Amino acid sequence: MNAHRTLIWDIPTRLFHWLLVISLIAQYLTAEVFENAMQWHFYFGYFTLGLIIFRVFWGLIGTNYARFSQFLYGPKAIIEYAKSLLIPNAPAHAGHNPLGGVVVILMLLLILLQAVSGLFMTDDIFLDGPWRSAASDSTLDIMGYLHHNVFNVLLAVIALHISAIVFYAVYKKQKLAPAMIHGKKSTTAKGISSSRLILALFVAIISAGIVYYVVEIAPPESEDAGYYY
Ligand code: HEM
Ligand code: HEM
């Protein structure tokens with residue numbers, strides 16, 4: 001079968017990807033660079049949490065190549081793929097390749113951990129994360145440790161992710177990044193017929209609802225009600 005240009009990454013997956021990149025940069029800037037930006041750090045944190053929840057649903061009911069079942073492979077396939085990594089003209093995968101799939105899951109898990117641990121943080125001035133007052137001291141210690149350290153691991157995995165994109169472009173002559181922008185790839189595989197935008201909108205509303213519940217409704221009342229966000 002001849003290669004043809006076809007849609008692989010739906011609009012929701014592409015939007016998710018670039019909003020996640022923007023949101024993580026904003027999270028870094030509001031925590032480490034800008035003064036007095038902690039309230040924005042919280043808001044972007046809730047938004048990031050919503051993005052991850054959206055992606056989990058989309059990985060279950062989204063379009064073909066966005067589904068976890070499309071890019072979660074067993075150890076054998078992952079090792080086989082790793083062995084062929086340095087063969088420049090090894091066949092390309094239309095969706096995430098077996099190794100890329102592992103890195104994607106790792107990034108999603110680390111970002112989820114970072115966002116959830118954030119819910120227990122305090123800026124030691126005015127702002128407490130919504131679950132802070134509900135947690136025991138030992139839970140707060142663990143969450144504090146995670147929030148201060150997971151981000152560094154995440155940075156290393158993101159560096160690996162971007163290096164892999166460069167490696168594929170330079171060594172394997174496969175340009176993956178443009179497909180994350182316009183969605184299309186030249187491949188012999190069957191593309192998707194639509195981005196299923198109505199379904200994505202519905203999933204986005206549900207995800208926003210879950211974040212609202214976790215941040216606003218579920219947390220127990222704080223004793224310092226005035227400084228409770
Ligand atoms: C904060 C930085 C970044 C994070 C956290 C991140 C995260 C992710 C995630 C989670 C996916 C999986 C997408 C999905 O299936 O939903 C992905 C895929 C991808 N990302 Fe990134 N990304 C980052 C930066 C970048 C940059 C700067 C580029 C472009 C140079 C890029 C290019 C891609 C491409 C091309 C894919 C698809 C890979 C494939 O074909 O298998 N990413 N990224
Ligand atoms: C994925 C989302 C998030 C990312 C990437 C992120 C990232 C970061 C980073 C890099 C720091 C600086 C850590 C350090 O100095 O060692 C930080 C601090 C902080 N974050 Fe987040 N965060 C996220 C979500 C949240 C959320 C949802 C909240 C609260 C609702 C939150 C509350 C805080 C607070 C209060 C601090 C200051 C802690 C301190 O100075 O000890 N974060 N965050």
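Keep in mind that this is a model prediction, so the values were computed, not measured. Whatever order the structure lists them in is the order used to number ligands and atoms, beginning at 1.
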In the protein, what heavy atom is nearest to [atom], and what distance, to one decimal place, separates them?
atom	answer
atom 37 (C) of ligand 2	Met38 CE, 3.6 Å
atom 15 (O) of ligand 2	Glu32 OE2, 3.5 Å
atom 40 (O) of ligand 2	His148 CE1, 4.3 Å
atom 5 (C) of ligand 1	Leu24 CD1, 3.6 Å
atom 10 (C) of ligand 1	Leu108 CD2, 3.9 Å

For the residue pair His93 and Tyr81, is the inter-centroid distance of their aromatic rings smaller than 6.0 Å? yes
Nearest non-hydrogen contact with [atom] belongs to which option: [options]?
atom	options	answer
atom 32 (C) of ligand 2	Trp131, Phe44, Tyr46, Phe42	Phe42
atom 1 (C) of ligand 2	Thr48, Asn149, Thr30	Thr48
atom 28 (C) of ligand 1	Phe68, Phe16, Trp18	Trp18

Heavy-atom distances under 4.0 Å decide this one: backbone, side chain, both or neither, for Trp58 against ligand 1? neither
Heavy-atom contacts under 4.0 Å between Thr13 and ligand 1: side chain, backbone, both, or neither?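 The answer is the side chain of Thr13.
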Test item: Arg14 side-chain N/O and Ile181 main-chain N/O as donor-acceptor pair under 3.5 Å: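 Yes; judged by distance alone, with no hydrogens or angles, the pair exists.
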Does Val170 offer a backbone N or O that forms a donor-acceptor pair with the side chain of Lys173 under 3.5 Å?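 Between the backbone of Val170 and the side chain of Lys173 there is a qualifying donor-acceptor contact (under 3.5 Å).
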Determine whether [X] and [Y] make a side-chain contact, defined as any pair of heavy atoms from C-beta on separated by less than 4.5 Å.
X	Y	result
Trp40	Phe34	no
Leu176	Met180	no
Trp9	Tyr65	yes
His96	Gln70	no
Trp131	Val215	no
Ile210	Phe57	yes
Ser136	Thr139	yes

Any atoms of ligand 1 less than 4.0 Å from a non-hydrogen atom of [X]? List them with their elements.
X	value
Ala177	35 (C)
Val104	12 (C)
Arg55	14 (C), 15 (O), 16 (O)

Just the protein N/O/S atoms under 2.8 Å from atom 21 (Fe) of ligand 1, please, no waters.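 Only His17 NE2, His161 NE2 fall inside 2.8 Å of atom 21 (Fe) of ligand 1.
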Residues Leu127, Thr122; criterion side-chain contact (heavy atoms from CB on, under 4.5 Å); working and verdict: CA-CA 6 Å; Leu127 298 174; Thr122 177; over 6 Å; no
Mind running side-chain contact (heavy atoms from CB on, under 4.5 Å) on Asp128 and Phe120 for me, showing each step along the way? CA-CA 7 Å; Asp128 278 358; Phe120 296 83; over 6 Å; no
Hey, which atoms in ligand 2 end up nearer than 4.0 Å to a heavy atom of Ile111? 1 (C)
Per-atom contacts of ligand 2 with Thr122, taking only distances under 4.0 Å to non-hydrogen atoms: 35 (C), 38 (C)
Review item, side-chain donor-acceptor pairs of residues 98-110, under 3.5 Å, at least two apart:
none

Asp10 and Ser195: side chain to side chain donor-acceptor pair (under 3.5 Å), yes or no, with the steps? CA-CA 5 Å; Asp10 57 49; Ser195 282; 5.3 Å; no
Val203 and Ser207: CA distance, side-chain angles, deciding distance, side-chain contact (heavy atoms from CB on, under 4.5 Å) verdict: CA-CA 6 Å; Val203 173; Ser207 306; 4.1 Å; yes
Hey, does His96 come in under 3.5 Å of ligand 1, counting only N/O atoms on both sides?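 Yes, since at least one N or O of His96 sits under 3.5 Å from an N or O of ligand 1.
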Go through the structure and list residues passing ring pair (Phe, Tyr, Trp, His ring centres under 6.0 Å) with Phe44, not counting sequence neighbours.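 Expected list: none.
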Is there any N or O on Asp123 that sits under 3.5 Å from an N or O of ligand 2? no
Could you please spell out the steps behind the side-chain contact (heavy atoms from CB on, under 4.5 Å) verdict for Val157 and His161? CA-CA 6 Å; Val157 180; His161 170 58; 5.6 Å; no
Contact with ligand 1 for Lys185, non-hydrogen, under 4.0 angstrom: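 Yes, Lys185 has a heavy atom closer than 4.0 Å to ligand 1.
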With rounding to the nearest 0.5 angstrom, report the CH2 to OG distance, Trp18 to Ser23.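 Result: 14.0 Å between the selected atoms.
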Give every protein N, O or S atom lying under 2.8 Å from atom 21 (Fe) of ligand 2, naming each by residue and atom.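 N, O, S partners closer than 2.8 Å: His41 NE2, His147 NE2.
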